[in-house]
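Structure, as structure tokens:
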Amino acid sequence: MLMNSNEYLATIEQVKQEIKAAQYKAAVHVNTELIMLYHGIGCVINAHKSWGNKFIENLAQDIKLEFPQTTGYSVRNLKYMAKFAQLFPDAEFVQASLAQITWYHNIALMDKVKDTDAYLWYAVQTAKNGWSRNVLVHQIESGLYQRQALAEKISNFERRLPSPQSELAVQTMKDPYIFDFIPFKEDMVERDIERALVQDVTKLLLELGTGFAFLGNQYHLNVGGDDFYIDLLFYNLNLRCYVVIELKTGEFKPEYAGQLNFYLSAVDGILKKGTDNPSIGLLLCKSKNDLVAEYSLKDMSKPIGVSEYKITNTLPKELEQQLPSVEDLQKRIQK
């Protein structure tokens with residue numbers, strides 16, 4: 001029957017995708033119009049700033065009288081419009097670069113980012129990755145721009161990967177990585193950190209960045225009858241390659257790069273398909289000597305990056321409340 005045919009189901013799926021695409025385009029168009037309206041109002045306010053704050057208050061009241069059912073024109077929001085237009089006076093630039101994210105995203109950026117280069121970088125990343133406002137705020141507060149766009153990254157990607165994969169791999173790296181969802185303990189070993197990362201893999205993937213798909217931890221590989229276990233294995237859909245991550249709780253040591261180089265050879269030999277790009281390794285250490293890391297990677301045959309990672313050094317409040325205070329401990333010692 002036609003209703004059950006693969007051709008019919010494929011046609012329905014195509015129609016659904018076209019509807020979704022049209023809805024997305026319509027939403028983007030509406031958002032763009034709103035951003036440009038707010039920018040235009042901001043320009044008007046700035047052109048008459050000699051009239052003082054009373055002008056904004058009167059403007060908010062008059063808009064409310066004329067459009068009683070319309071929201072978004074409070075004194076506070078009008079001030080944001082003026083600030084937005086002052087930061088970015090070129091309307092064409094705003095339409096091309098900043099109207100692709102919502103006004104609420106722009107407000108978050110105005111509140112939390114002082115540098116316009118950083119503002120624009122976060123705006124581009126938000127549009128590209130589809131970040132919610134809360135995710136955007138989290139990324140700003142974790143210093144993602146400094147860690148990803150500005151950081152001096154240690155890798156041999158440019159020597160070991162073809163372009164443009166090498167450039168994309170470098171852009172994907174961060175230094176340091178922030179695992180602020182893991183409670184810190186002094187005696188943590190690699191397996192403790194690994195387990196904590198896997199328990200909240202959604203936050204792990206958010207920190208790693210767009211395109212990462214989690215394939216497993218302690219991923220088993222059999223090489224010549226010997227068993228080996230990769231700490232964390234991912235596939236990156238943007239890079240089109242496997243990504244092997246090894247965790248170390250101490251300072252970087254040259255032998256760690258050699259171990260990771262071997263794992264990458266094994267992954268390329270066992271898992272990699274003809275359509276996949278060369279696998280990439282990422283060595284995450286608690287600390288590193290940059291020069292030692294650079295020399296260690298110089299003659300490695302496989303593409304490897306070395307970054308530091310940081311985890312929280314404060315206990316969750318609910319756990320903190322269950323622990324004895326310093327005064328309590330002193331009393332026990334005295335007894």
Could you measure the distance from the NE2 atom of His105 to the CH2 atom of Trp131? Nearest 0.5 Å is fine.
9.5 Å
Please round to the nearest 0.5 Å and tell me the distance separating atom CD1 of Ile154 and atom CG of Asp290.
4.0 Å
So Ile63 and Thr70, do their side chains get closer than 4.5 Å, heavy atoms only?
no
Counterpart residues, ring-ring contact (aromatic ring centres under 6.0 Å, His included), relative to Tyr119 (two or more places apart)
Phe88
With the side chain counted from C-beta on, respond yes when Leu284 and Ile193 share a heavy-atom pair under 4.5 Å apart, and no when they do not.
no
Expected output: side-chain Gln95 to main-chain Glu33 donor-acceptor under 3.5 Å:
no
Can you run down the salt bridge (Lys or Arg N to Asp or Glu O under 4.0 Å) pairs that involve residues 270-280, sequence neighbours left out, and say none if there aren't any?
none
Do the side chains of Glu207 and Arg147 get nearer than 4.5 Å, heavy atoms only?
yes
Return yes if some donor-acceptor pair links the side-chain N/O of Glu308 with the main-chain N/O of Pro176 below 3.5 Å, else return no.
no
Hey, does Leu197 have a side-chain heavy atom less than 4.5 Å from the side chain of Glu194?
no
Ser279 meets the side chain to side chain contact (heavy atoms under 4.5 Å, CB included) criterion, sequence neighbours left out, with Tyr242, Leu264, Val267, Asp268
Evaluate the ring planes of Tyr256 and Phe252, with Trp represented by its six-membered ring, and classify them as parallel (under 30°), tilted (30 to 60°) or perpendicular (over 60°).
perpendicular
With the side chain counted from C-beta on, respond yes when Leu161 and Asn156 share a heavy-atom pair under 4.5 Å apart, and no when they do not.
no
Considering only Ile, Leu, Val, Met, Phe, Trp and Tyr, and joining two whenever side-chain heavy atoms are under 4.5 Å apart, list the other residues clustered with Val124.
none
Tell me, please, which residues at least two apart from Lys64 pass salt bridge (Lys or Arg N to Asp or Glu O under 4.0 Å).
none
Hey, could you give me the CD/CG distance between Gln146 and Asp175, rounded to the nearest 0.5 Å?
13.0 Å
Given Leu204 and Asp200, is the side chain to side chain contact (heavy atoms under 4.5 Å, CB included) satisfied, shown in steps?
CA-CA 6 Å; Leu204 171 59; Asp200 206 336; over 6 Å; no
Check the orientation of Phe228 and Tyr263. Use parallel for under 30°, tilted for 30 to 60°, and perpendicular for over 60°.
perpendicular
Rounded at 0.5 Å granularity, tell me how far NZ in Lys114 sits from CG in Leu87.
9.5 Å
Kindly give the cluster partners of Tyr295, where membership spreads through any ILVMFWY side chain lying under 4.5 Å from a current member.
Leu291
Can you list everything that forms a side chain to side chain contact (heavy atoms under 4.5 Å, CB included) with Ala91? Sequence neighbours excluded, please.
Met36, His39
Considering only heavy atoms from C-beta outward, does the side chain of Ile41 approach that of Tyr73 to under 4.5 Å?
yes
Interatomic distance, Lys286 atom NZ to Leu247 atom CG [nearest 0.5 angstrom]
12.0 Å
Closest heavy-atom contact between Leu239 and Gln165?
O-NE2, 3.6 Å
Can you sort out the partners of Lys174 under salt bridge (Lys or Arg N to Asp or Glu O under 4.0 Å), two or more places apart, ordered by chain and number?
none
Spell out, yes or no, whether Leu144 and Ile140 are grouped together once hydrophobic residues are joined by side-chain heavy atoms under 4.5 Å, including indirect joins.
yes
What is the ring orientation for Trp103 with Phe84, classed by angle as parallel under 30°, tilted 30 to 60°, or perpendicular over 60°?
perpendicular
Heavy-atom check, side chain of Leu109 versus side chain of Leu136, under 4.5 Å:
yes
Heavy atoms only: give me the nearest Ser166-Phe157 pair and the separation to one decimal.
CB-O, 3.5 Å
Find the distance between CG (Leu59) and CD1 (Ile45) and round it off to the nearest 0.5 Å.
5.5 Å
Between the main-chain N or O of Gln139 and the side-chain N or O of Ser142, is there a donor-acceptor pair closer than 3.5 Å?
yes
Is there a path from Val135 to Leu208 through hydrophobic residues (I, L, V, M, F, W, Y) whose side chains come within less than 4.5 Å of each other?
no
May I ask you to test the Arg195-Arg191 pair for a side-chain heavy-atom distance under 4.5 Å?
yes
Checking Val243 against Leu232 for the side chain to side chain contact (heavy atoms under 4.5 Å, CB included) test, could you report, in this order, the C-alpha distance in whole Å, the side-chain angles of both residues, the deciding distance, and whether it holds?
CA-CA 8 Å; Val243 180; Leu232 298 163; over 6 Å; no
Any chance CD of Glu92 has more than 12 other-residue heavy atoms, nucleotides or ligands included, within less than 6.0 Å?
no
Return the minimal non-hydrogen interatomic distance between Arg240 and Tyr235, and the atom names on each side.
C-OH, 3.2 Å
Could you pull out all residues at least two apart from Lys54 that satisfy salt bridge (Lys or Arg N to Asp or Glu O under 4.0 Å)?
Glu57
For Lys253, does the NZ atom have more than 12 heavy-atom neighbours from other residues, nucleotides or ligands under 6.0 Å away?
no
Can you tell me which residue pairs pass the salt bridge (Lys or Arg N to Asp or Glu O under 4.0 Å) test with a partner in residues 116-131, sequence neighbours excluded?
none
Please tell me whether Ile245 and Leu237 are part of a single hydrophobic cluster in this structure, the criterion being side-chain heavy atoms less than 4.5 Å apart.
no
Closer than 3.5 angstrom, by distance alone: can the side chain of Arg160 be matched with the main-chain N or O of Met300 as a donor-acceptor pair?
yes
Note: Glu190 and Lys248 closest approach over all heavy atoms is OE2-CA, 3.5 Å
Apply side chain to side chain donor-acceptor pair (under 3.5 Å) to residues His29 and Thr32 and explain how you reach the verdict.
CA-CA 5 Å; His29 177 73; Thr32 300; over 6 Å; no
Looking only at heavy atoms, what is the nearest atom pair of Leu282 and Met173, with distance?
CD1-CE, 4.2 Å
Would you please name every residue forming a salt bridge (Lys or Arg N to Asp or Glu O under 4.0 Å) with Glu141, sequence neighbours left out?
Lys112
Linked, directly or transitively: Ile280 and Leu297 (ILVMFWY side chains, under 4.5 Å)
no
Hydrophobic cluster membership, with links at side-chain heavy-atom distances under 4.5 Å among I/L/V/M/F/W/Y: are Phe212 and Phe214 in one?
yes
Are the side chain of Gln148 and the backbone N or O of Gln171 linked by a donor-acceptor pair below 3.5 Å?
yes
Assess whether side chain to side chain contact (heavy atoms under 4.5 Å, CB included) is satisfied between Asn236 and Phe234, documenting all intermediate values.
CA-CA 6 Å; Asn236 188 286; Phe234 298 84; over 6 Å; no
Ile101 versus Ala127, closest heavy-atom pair with distance
CG2-N, 3.9 Å
In short, side chain to side chain donor-acceptor pair (under 3.5 Å) pairs touching residues 219-234 with sequence neighbours left out are Gln218-Asp231, His220-Asp227, Asn222-Asp227
Asn77 side chain to Gly72 main-chain N or O, any donor-acceptor pair under 3.5 Å?
yes
Indicate yes or no: does Lys153 engage Glu158 in a salt bridge with an N to O separation below 4.0 Å.
no
Judged by atom type as modelled, is there a donor-acceptor pair below 3.5 Å linking the side chain of Tyr122 to the main-chain atoms of Tyr145?
yes
